[in-house]
Amino acid sequence: SRGNFVSWSDHRTFMEITYAKFFAFALEELRKVDPEGMLLNSGTQVSGAHNGCDYSRLNYYTRHLNAYEGGNQLDFHRSFNPDIKLSSGAGYGVLGKDVFYDFYSNLFKGSNGGAYIFWQYSTLDPDLTMSQSGKDMEEGFAEMRGRGIGKLVGLATSDNHGIAIHYSYPSIHAAWILDGTIEERVVSQTSSKTMRQFDANRDGWVKILRDSGLQFDFISYGDIEKGMLSERGYRALVLPMSLALSDEEIGAIRGFVSNGGILIADALAGVMDDRSGFRGTRSIADVFGIETAWVDASTIIALEGEPELRLRGAVAHSQQAGRPILLQNKFGEGQAFLLNYFLNGYPEDKLEGRNQAALERMKKILGASGLSPKVRLTSLSGESVSDCATYLFTSGKTQLYGLGPGKDREGSQAVRITLEGEKTVYDVRRMSHLGSGSSFADEIEPAIPRLFALVDGKVTKLQLAAPSVASSGEDV
């Protein structure tokens with residue numbers, strides 16, 4: 001291609017559209033036989049440059065997914081089709097507390113359609129009696145289904161805190177083609193180091209936002225072009241290594257920020273168009289209050305940010321080696337924040353326990369943006385709690401607050417949970433009333449999920465309402 005990637009990118013887009021059209025065709029044929037039939041997509045794969053897994057297209061036609069979690073998929077699926085049923089994976093010989101860790105992690109990320117068991121034979125011993133893995137999963141299913149916790153969370157609405165993360169298939173194309181190589185074996189993005197870093201960077205944003213006590217949706221490139229940022233009421237848009245932006249996306253983003261929205265991006269946003277062509281002039285640069293120089297593939301592959309960035313209105317809050325790495329700019333009625341670096345190292349730093357500095361820096365950005373968690377998790381002394389994902393849901397007048405302590409945490413930790421106002425608090429898993437107040441203390445342990453119900457006043461009675469007449473098989 002000699003550095004001209006446009007024809008390759010056009011072909012990839014054509015193949016993704018064609019793949020999605022096959023789903024549309026299959027659904028159309030199915031509905032001729034069964035007007036209420038649905039397509040199920042099983043064993044979903046990471047969105048890659050060659051596999052057609054553009055879920056912003058495919059999930060329009062599928063109504064049930066047996067989904068893997070890899071590549072932040074569960075967050076994609078619930079975001080692109082809120083009505084979709086997600087069955088998360090179980091099995092593979094999982095044991096003990098890892099059963100509950102997996103079940104709750106998937107449930108908190110949108111799995112609302114039960115679970116399916118991989119390697120069914122792992123649930124049985126050679127004499128066909130239930131193995132320990134099978135017994136442990138039986139206990140997990142009893143809690144999820146028997147006690148109704150799966151339905152309780154599955155029917156609730158995830159609170160996105162007004163944050164949308166950009167899902168950009170053109171940027172997936174761009175990241176792979178920069179240094180990807182075709183090999184004589186089945187490969188996806190593994191043959192492109194930049195593509196691997198692209199995936200790690202997006203996961204870094206997912207993890208750092210959750211570590212900051214915030215939740216989010218993903219919004220697709222197509223929906224941004226359609227003006228959905230404002231229509232859905234988002235307050236902030238995150239661009240995670242969004243190398244490739246269409247003219248329509250840039251126009252929509254400029255309008256969003258100008259009208260009061262918040263834009264947060266890492267380095268090199270919009271250096272290419274949606275066909276993987278390098279832009280001579282970046283029409284999004286003034287939103288960040290910067291002036292940029294021409295960059296080529298080598299600049300992106302280096303993953304060191306923008307080497308020749310000049311301020312044109314932006315304020316630099318932090319510098320590194322004489323280069324601005326954290327910038328803020330007012331644009332119209334809104335604000336834009338530019339991180340002149342990437343978060344591809346954050347997932348590994350988190351595993352190694354060295355992510356605190358990056359997390360505190362991000363919290364300052366989010367605080368300056370007016371984005372703060374509605375429920376706060378801290379140590380008893382008020383410090384941040386590392387390696388514990390938080391999830392907030394709304395179900396009528398009740399809030400559900402989930403905690404997902406990491407498997408690699410060292411021992412238990414006393415924590416404080418601070419609420420927006422005074423609530424009555426119930427521990428759902430332990431089926432206990434914890435009292436009332438605007439904060440409460442508790443303890444978290446590695447890999448042991450927690451779930452709390454936050455209610456306006458103590459529950460003293462139950463009331464069930466149903467129609468007086470219903471036909472057999474009718475939903476009530």
Side-chain angles (χ1 to χ4, degrees), residues 12-31 34-89 105-116 153-158 160 163-173 188-189 198-199 202-203 205-206 215-229 231-232 234 237-238 240 242 246 249 274 393:
R12 297 317 316 154
T13 300
F14 166 78
M15 294 301 292
E16 288 142 16
I17 293 172
T18 302
Y19 188 43
K21 284 182 176 179
F22 173 77
F23 276 68
F25 167 76
L27 181 60
E28 182 181 0
E29 293 301 305
L30 172 63
R31 291 286 169 83
D34 182 355
E36 296 184 0
M38 66 173 66
L39 292 185
L40 184 149
N41 189 2
S42 183
T44 58
Q45 299 296 302
V46 173
S47 293
H50 298 90
N51 62 9
C53 291
D54 182 346
Y55 295 111
S56 70
R57 297 184 189 273
L58 300 181
N59 286 7
Y60 182 79
Y61 305 106
T62 48
R63 291 293 178 270
H64 197 141
L65 297 176
N66 289 344
Y68 285 112
E69 184 186 4
N72 310 118
Q73 282 185 62
L74 296 183
D75 291 312
F76 297 164
H77 297 316
R78 65 168 179 81
S79 297
F80 299 148
N81 186 350
D83 296 326
I84 209 164
K85 290 298 180 184
L86 274 172
S87 295
S88 55
S105 177
N106 292 333
L107 180 65
F108 290 157
K109 293 175 184 176
S111 293
N112 57 4
Y116 58 100
V153 178
L155 293 177
T157 302
S158 177
N160 60 33
I163 300 172
I165 302 178
H166 188 217
Y167 175 86
S168 170
Y169 233 80
S171 295
I172 289 174
H173 294 161
S188 54
Q189 51 264 57
F198 177 93
D199 286 340
R202 182 192 57 237
D203 191 43
W205 278 100
V206 166
Q215 290 175 195
F216 49 83
D217 293 338
F218 276 90
I219 186 169
S220 73
Y221 56 105
D223 280 347
I224 288 180
E225 291 179 344
K226 295 173 186 175
M228 293 298 180
L229 276 170
E231 187 170 319
R232 294 177 184 167
Y234 291 116
L237 172 65
V238 173
S242 297
S246 70
E249 283 182 284
D274 57 325
F393 304 86

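As a basis for the values below, the full set of heavy atoms in this structure was taken, side chains included, without hydrogen atoms, waters or symmetry mates.
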[Y] side chain reached by [X] side chain, heavy atoms, under 4.5 Å:
| X | Y | result |
| --- | --- | --- |
| Ser88 | Glu69 | no |
| Thr13 | His173 | yes |
| Arg232 | Ile219 | yes |
| Ile224 | Leu237 | yes |
| Tyr221 | Ser246 | no |
| Asp199 | Arg202 | yes |
| Phe216 | Asp75 | yes |
| Cys53 | Thr44 | no |

At what distance, to the nearest 0.5 angstrom, does [atom1] of [X] lie from [atom2] of [Y]?
| X | Y | atom1 | atom2 | value |
| --- | --- | --- | --- | --- |
| Asp54 | Ile172 | CG | CD1 | 7.5 Å |
| His64 | Asn81 | NE2 | CG | 12.0 Å |
| Phe393 | Leu155 | CZ | CG | 12.0 Å |
| Ile84 | Leu58 | CD1 | CG | 9.5 Å |
| Arg78 | Asn59 | CZ | CG | 12.5 Å |
| Arg12 | Asn51 | CZ | CG | 8.5 Å |

Tell me the closest heavy-atom pair linking [X] and [Y], and the distance in Å.
| X | Y | value |
| --- | --- | --- |
| Ser87 | Gly113 | OG-O, 2.7 Å |
| Leu229 | Ala164 | CD2-CB, 4.4 Å |
| Glu16 | Gly52 | CG-CA, 3.8 Å |
| Ser171 | Ser168 | OG-OG, 2.8 Å |
| Leu86 | Ala67 | CD2-CB, 3.9 Å |
| Glu249 | Glu225 | CG-CG, 3.6 Å |

Q: For the pair Asp223 and Ser56, evaluate side-chain contact (heavy atoms from CB on, under 4.5 Å) and give the outcome as yes or no after the intermediate values.
A: CA-CA 9 Å; Asp223 280 347; Ser56 70; over 6 Å; no
Sequence neighbours left out, cut at 3.5 Å: what donor-acceptor pairs do the side chains of residues 34-41 make with other protein atoms?
residue : atom : partner : partner atom : Å
Asp34   : OD1  : Glu36   : N            : 3.0
Asp34   : OD1  : Gly37   : N            : 3.4

In chain order, what residues pass the ring pair (Phe, Tyr, Trp, His ring centres under 6.0 Å) check against [X], with sequence neighbours excluded?
| X | result |
| --- | --- |
| Phe25 | none |
| Tyr55 | His77 |
| Tyr60 | none |
| Phe80 | Tyr167 |

Q.
Going by side-chain hydrogen bond (donor to acceptor under 3.5 Å, both in side chains), name the residues that satisfy it together with Ser158, two or more places apart in sequence or in a different chain.
A.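 Scan of Ser158 (side-chain hydrogen bond (donor to acceptor under 3.5 Å, both in side chains), adjacent residues dropped) gives Gln215.
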Q) Would a distance-only check, ignoring hydrogens and angles, find a side-chain to backbone donor-acceptor pair under 3.5 Å from Tyr169 to Ala49? A)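 The answer is no, because no donor-acceptor pair under 3.5 Å joins these two groups.
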**Q.** Side chain Gln73, main chain Gly70, donor-acceptor under 3.5 Å
**A.**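 It does hold such a pair.
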Q: Mind telling me whether Phe76 and Phe218 have parallel, tilted or perpendicular rings, with 30° and 60° as the class edges?
A: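 Perpendicular.
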